[in-house]
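Atoms within each ligand, like the ligands themselves, are counted from 1 in listed order.
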Amino acid sequence: MKTTISIIKADVGSYCGHQLCHPAIMDIAREMLGKAKKNGKIIDYYVANCGDDLDLVITSDKGIDNKEVHGLAWDVFMEGTKKAKSLKLYGAGQDMLSDAFSGNVKGLGPGCAEMEFVERGAEPVVCFLMDKTEPGAFNLPVFRMFGDPFSTAGLVVDPNMQGGFTFEVYDVLGHKKVMMKSPEELYGLLALIGAKSRYVIKRVYPGPGNKVPTAEAAAVVSTDKLYQIAGDYVGKDDPVAIVRGQSGLPSVGEILEPFAFPHLVSGWMRGSHNGPIMPVGMKDAICTRFDGPPRVVALGFQLNNGQLVGPVDAFADVAFDRARQTALKVADYMRRHGPFEPHRLSPEDMEYTTLPKVLKKLEDRFQKI
Ligand code: F6R
Ligand code: MG
Ligand code: MG
């Protein structure tokens, strides 16, 4: 049997402002997914949140892009939206950009990362949930996991990883993709993914000769961009990712290690600012200061024929305290720039925020020089 693991997520309304997903919405999700599990529609589920986003981890034997699984998540978000409206929560139904489900959540607002594979003897997976940032926020850490021998020791030490890894990179503006092999094409790969608002790592595959089949993804990231769907600024594309670990893949510790460096990401406050991403345990996934700073949560599971054993709330570990302290220092430093770049995003990225509406008013006032 092949197991499918999916994270399907949406912000369907939060309190207070954009801080937190409401417990009543999470209860609805647990109830609906619990029923679906009982009816054998799905194998297992876990309901989580990162900040204002509701994240549904779902396992099934149905493959990716499955209408029933996506439809179930869609129904949860619709019910959640109803609840959010009844509580007058902020941004109720925000990510539900369509009224009609068409068989797949893709292009309808919710974000999705999923993969299907034959479970190995033991199958550890880490589910990453981010808030107040964009899919490109995963470029640096996912590159480090699978491409950087200074971060992942296995690339040097483990004979099962000598075949390297292939990165599937999306050009999210050009709607194209390219496969790049590491380490052979390392420089070209970095040339692309360093431009994280345009080139986004979608999947990573084991290279030839590795223990895990090359056809099975080792990592997958949600790459949905809301402004591309809605044609306007409607909130941020807070991404999620799933990474498989151990036994010929990066170990769970190597998967988590890149987050010891709280790198700068885009999406803080009004989707318009750069700031450090702070790795936190579940209880600290609350975006307060200046609607942030951006957060990432890591939930570790063992898969048991699709059953989710766990999670381990990995970033709750004190070993990430120093990363949090660094993130807070960087947050102070960045905040002092106020409206100036590079705290504020570059003009190209500000195109997708509410700023163009403000600048439009000044258009007629400009004189030739
Ligand atoms: C939302 C977010 C927030 C909002 C900001 C303004 O996830 O990042 O920073 O952009 O609070 O929200 P509105 O304009 O909806 O009041
Ligand atoms: Mg919100
Ligand atoms: Mg959010």
For the CZ atom on R322, are there more than 12 heavy atoms of other groups (residues, nucleotides or ligands in this structure) within a distance under 6.0 Å?
no

Got a sec: does the NZ of K181 have more than 12 other heavy atoms crowding it under 6.0 Å?
yes

Within the structure provided, determine whether L303 and L308 are in side-chain contact (heavy-atom separation under 4.5 Å).
yes

Specify whether F128 and F315 have parallel, tilted or perpendicular ring planes, treating 30° as the upper limit for parallel and 60° as the lower limit for perpendicular.
tilted

Between F290 and W268, what is the ring plane arrangement, given parallel below 30°, perpendicular above 60°, and tilted in between?
perpendicular

Could you tell me whether Y90 approaches ligand 1 through its side chain, its backbone, both or neither, with non-hydrogen atoms closer than 4.0 Å?
side chain

Proximity of D238 to ligand 1 by residue part, where a heavy atom lies under 4.0 Å:
neither

Side-chain H-bond candidate by donor/acceptor type, E119 with T3, under 3.5 Å:
yes

Would you say R335 and H343 are linked by a side-chain donor-acceptor pair, where the criterion is simply a distance under 3.5 Å?
yes

Mind running salt bridge (charged side-chain N to carboxylate O under 4.0 Å, His left out) on D291 and R270 for me, showing each step along the way?
CA-CA 8 Å; D291 288 355; R270 298 175 184 277; over 6 Å; no

Which atoms of ligand 1 have any heavy atom of [X] under 4.0 Å away?
X	answer
M269	9 (O)
K132	7 (O), 8 (O)
D52	7 (O)

How many angstroms lie between atom CG of D27 and atom NZ of K83, to the nearest 0.5 angstrom?
9.0 Å

Considering only N, O or S atoms, which atom of D238 is nearest to the Mg ion (ligand 3)?
OD2

Closest to the Mg ion (ligand 3), which N/O/S atom of D131 is it?
OD1

Protein N/O/S neighbour count - the Mg ion (ligand 2), strictly under 2.8 Å
3

Below the 3.5 angstrom mark, is there an N/O of R270, backbone or side chain, next to an N/O of ligand 1?
yes

Do you know the tightest heavy-atom contact between G281 and V297?
O-CG2, 4.4 Å

